[in-house]
Amino acid sequence: IDEVILPETKTIPEIAKSAGQFKTLLAAVEAAGLSETLMSEGPFTVFAPTDEAFNALPSGTVESLLKPENRKKLQEILTYHVVSGRVFADAAVKLDTAKTVAGSNINIAFRDGSLFINRAQVVASDIQASNGVIHVIDAVLLP
């Protein structure tokens with residue numbers, strides 16, 4: 001190679017912000033009070049729903065979840081999208097389930113050449129951050 005490969009220095013939220021397709025997710029993380037956690041050392045594996053995935057939820061769902069009185073429910077949903085450690089796609093395809101930070105399991109399946117988390121398809125994988133890895137999913141995971 002003709003240059004030095006350096007490790008990623010941006011955190012998961014910084015990478016998500018620069019991608020431009022996670023505005024709703026980042027707003028939810030902020031409303032839930034989880035920003036500092038996702039900027040900490042980790043490592044974390046985040047299954048990140050796109051803005052389009054949030055828009056597919058029933059009308060009013062996101063607005064309702066962002067209200068202060070629903071903070072605990074929002075935290076539960078968001079932590080259901082996070083697994084401790086770095087789980088890259090090549091390891092995930094060998095798993096059936098994984099325990100989330102929320103405490104419950106997500107189902108993992110590899111079908112027709114695609115990785116699925118519950119019913120959400122992983123549309124981009126192994127996006128590295130300084131404190132973990134991001135897998136982009138096409139639906140919001142609900143516990």
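Taking CZ of R71 as the reference point, atom CG of L74 lies at 9.0 Å (rounded to 0.5 Å). Taken from CD1 in I12 to CD in Q128, the straight-line distance is 11.0 Å, to the nearest 0.5 Å. Interatomic distance, N55 CG to T61 OG1, rounded to the nearest 0.5 Å: 11.0 Å. Separating the CD atom in E63 from the CG atom in N70 is a distance of 12.0 Å, to the nearest 0.5 Å.
Other members of the hydrophobic cluster containing V4, listed by chain and number, are L6; membership follows side-chain contacts under 4.5 Å among ILVMFWY residues, whether direct or relayed. Through direct or indirect side-chain contacts shorter than 4.5 Å among Ile, Leu, Val, Met, Phe, Trp and Tyr, I1 is connected to I5.
A donor-acceptor pair under 3.5 Å links the side-chain atoms of T79 to the main chain of Q75, judged by distance alone. For T100 (side chain) and V83 (main-chain N/O), no donor-acceptor pair under 3.5 Å exists by modelled atom type.
L115 and V133 sit in two unconnected hydrophobic clusters of ILVMFWY residues. Membership requires side-chain heavy atoms under 4.5 Å apart, directly or through other members. With hydrophobic clusters built from ILVMFWY side chains whose heavy atoms lie under 4.5 angstrom apart, I77 shares a cluster with V62. One hydrophobic cluster, built from ILVMFWY side chains closer than 4.5 Å, cannot hold both L66 and Y80; they sit in different ones. V123 is not connected to F47 by any chain of hydrophobic side-chain contacts under 4.5 Å among Ile, Leu, Val, Met, Phe, Trp and Tyr, and they are in different clusters. The cluster map of Ile, Leu, Val, Met, Phe, Trp and Tyr, joined by side-chain heavy atoms under 4.5 Å apart, puts F110 and F88 in different clusters.
Heavy atoms of other residues, nucleotides or ligands lying less than 6.0 angstrom from CD of E69 number more than 12. The neighbour count for E52 CD, taken as heavy atoms of other residues, nucleotides or ligands under 6.0 Å away, does not exceed 12.
For residues 31-40, the set of pairs meeting the side-chain hydrogen bond (donor to acceptor under 3.5 Å, both in side chains) definition, not counting sequence neighbours, comprises E30-S35. Every pair tested for ring pair (Phe, Tyr, Trp, His ring centres under 6.0 Å) that includes a residue from residues 48-69 fails, sequence neighbours excluded, so the list is empty.
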Which pairs would a plain distance check flag for residues 135-143, meaning a side-chain donor or acceptor within less than 3.5 Å of a matching protein atom at least two apart in sequence or in another chain?
residue	atom	partner	partner atom	Å
H135	ND1	D126	N	3.2
H135	NE2	V87	O	2.7
D138	OD1	Q121	N	2.8

Show me the donor-acceptor pairs within less than 3.5 Å that the side chains of residues 13-28 make with the rest of the protein, sequence neighbours left out.
residue	atom	partner	partner atom	Å
E14	OE1	T11	N	2.7
E14	OE1	T11	OG1	3.3
S18	OG	E14	O	3.4
S18	OG	I15	O	2.9
K23	NZ	G20	O	3.2
T24	OG1	D51	OD1	3.3

Report task. Start with the C-alpha gap between V122 and S114, add the side-chain angles, then the distance that decides, and say whether side-chain contact (heavy atoms from CB on, under 4.5 Å) holds. Result -> CA-CA 7 Å; V122 175; S114 294; over 6 Å; no
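Closest approach of L95 and A91 over heavy atoms only: CG-O, 3.6 Å.
Looking at I108 and I117, their side chains come closer than 4.5 Å, going by heavy atoms from C-beta outward.
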